[in-house]
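Working notes, beginning with the structure itself.
These numbers were taken from a predicted model, which means no experiment stands behind them. Atoms considered below: every heavy atom in the structure, side chains included; atoms not considered: hydrogens, waters and symmetry mates. Below, read A as the first sequence line, B as the second, and so on, with proteins coming before strands; counting in each chain starts at 1.
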There are 2 protein chains.
Amino acid sequence: MERSTIQKQAVLEYLKGVKTHPSAEIIFSAVRKKLPTISHGTIYRILNTLKQKGEIIEVAKEPARFDADTSPHAHFVCQDCGKIYDVFDKNISLINKKTKIGKVQNFQIYLYGQCRKCGN
Amino acid sequence: MERSTIQKQAVLEYLKGVKTHPSAEIIFSAVRKKLPTISHGTIYRILNTLKQKGEIIEVAKEPARFDADTSPHAHFVCQDCGKIYDVFDKNISLINKKTKIGKVQNFQIYLYGQCRKCGN
DNA sequence: ATCGGTGCAAATCCTTTGCATTTCC
DNA sequence: GGAAATGCAAAGGATTTGCACCGAT
């Protein structure tokens, strides 16, 4: 059976408190302030577990970044500053759940551009 | 000025001839049959150049996989077999080019599920 | 007391990079 | 001839893993 630990609690609590889609490294640094001995391995193991359970989603790669908001939404990635913004667009619901290829269980939408702070 | 080399030609020619969204490693192995001395470094450098020029797109990560079809389309990723299928859905055109956050230059849509071959 | 979780370090995977050599214009 | 590209090998970043110890149930 899966156990509850202070490490898991700290990671999930931190993720639920931010809207910045932090990387494993950022999560590591943040959680380390509360739990000074937590390791990278533990961070990665916890993130993988939470992802599998569907409690968080991965919203970017290289490095992976995480989001505790699992409601259907897209992400705007600023190509200048790297920030990731949530996009709740009504058209997202039009994504077909059944395609000719197979049944869609979940999806990811990334919009790439420049955010307002970075011009245009 | 950028030069034309047999390595670049071979990579682009290979990518245009397949619909499988190969990884750098697969491209490396395939192109190596024609050019036995080509290296990983060269493959990665060429792929990055083609990507910057917009002649190919990257359609997955870890490892990166590539597609010489740059028309707007989504990708269905089978979570069982790992295959990536092109999805030309008409609703894709509804993706907003302007959002409150910024101007969208391009986008990526990933649909995750099981393909027909893998059941359901 | 058990056995799942953690911490640490080493290992692995993918990708990039430095540099000497080759090759295209 | 000279700049750009290649090949090779080494380095780099992100993530995973093996194992001894710790701690939740």
Interatomic distance, [X] [atom1] vs [N] [atom2] [rounded to whole Å]:
{"X": "A:I46", "N": "C:dG5", "atom1": "CD1", "atom2": "C1'", "answer": "8 Å"}
{"X": "B:Y44", "N": "D:dA11", "atom1": "OH", "atom2": "C1'", "answer": "15 Å"}
{"X": "B:H40", "N": "C:dC14", "atom1": "NE2", "atom2": "C1'", "answer": "9 Å"}
{"X": "A:R32", "N": "C:dT6", "atom1": "CZ", "atom2": "P", "answer": "14 Å"}
{"X": "B:L47", "N": "D:dT6", "atom1": "CG", "atom2": "P", "answer": "11 Å"}
{"X": "B:E58", "N": "C:dT16", "atom1": "CD", "atom2": "C1'", "answer": "14 Å"}
{"X": "A:I43", "N": "C:dG5", "atom1": "CD1", "atom2": "P", "answer": "15 Å"}
{"X": "A:F28", "N": "C:dA9", "atom1": "CZ", "atom2": "C1'", "answer": "13 Å"}

When you get a sec, tell me which of [options] is the closest nucleotide to the side chain of [X]?
{"X": "A:T5", "options": "C:dT6, D:dG7, D:dA5", "result": "C:dT6"}
{"X": "A:I38", "options": "D:dT16, D:dC8, C:dG7", "result": "C:dG7"}
{"X": "A:N48", "options": "D:dT16, D:dT25, C:dT6", "result": "D:dT16"}
{"X": "B:K8", "options": "D:dT6, D:dA14, C:dT6", "result": "D:dT6"}
{"X": "B:Q7", "options": "C:dT15, D:dA14, D:dG7", "result": "D:dG7"}

[X] atom [atom1], neighbour heavy-atom count above 12 within 6.0 Å:
{"X": "A:K117", "atom1": "NZ", "result": "no"}
{"X": "A:K33", "atom1": "NZ", "result": "no"}
{"X": "B:K100", "atom1": "NZ", "result": "no"}

Salt bridge or not for A:K61 and B:E58, using N-O below 4.0 Å?
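B:E58 and A:K61: not salt-bridged.
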
What I want to find out is whether B:E55 reaches B:K8 closely enough, with some N-O distance under 4.0 Å, to be called a salt bridge.
no

Distance-only donor-acceptor test (3.5 Å): side chain B:R3, base D:dA5:
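Such a pair does not exist between side chain and base.
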
Pair of N/O donor and acceptor under 3.5 Å linking D:dG18 base with A:R45 side chain
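Result: at least one qualifying N/O pair found.
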
Using five base pairs at each end, measure the axis-to-axis angle across the helix from C:dA1-D:dT25 to C:dC25-D:dG1 and round it to 10 degrees.
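Between the axes fitted at each end of the helix from C:dA1-D:dT25 to C:dC25-D:dG1 lies an angle of 30°.
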
Closest-nucleotide 5' rank along DNA chain C - winner of B:M1 and B:K61:
B:K61

Closest-nucleotide ordering on DNA chain C, the 5'-leading residue of B:P63 and B:I6
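Closest to the 5' end, via its nearest nucleotide, is B:P63.
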
Interatomic distance, CG@A:N48 vs NZ@A:K53, rounded to 0.5 Å, equals 12.5 Å

Quick one: closest heavy-atom pair of A:D69 and A:D67, and the distance?
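The pair with the smallest heavy-atom distance is N-OD1, 2.8 Å.
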
Looking at every strand, decide which applies to A:E2 at a 4.0 Å heavy-atom threshold: base, sugar-phosphate, or nothing.
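Since only primed, P, OP1 and OP2 atoms lie under 4.0 Å of A:E2, the category is sugar-phosphate.
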
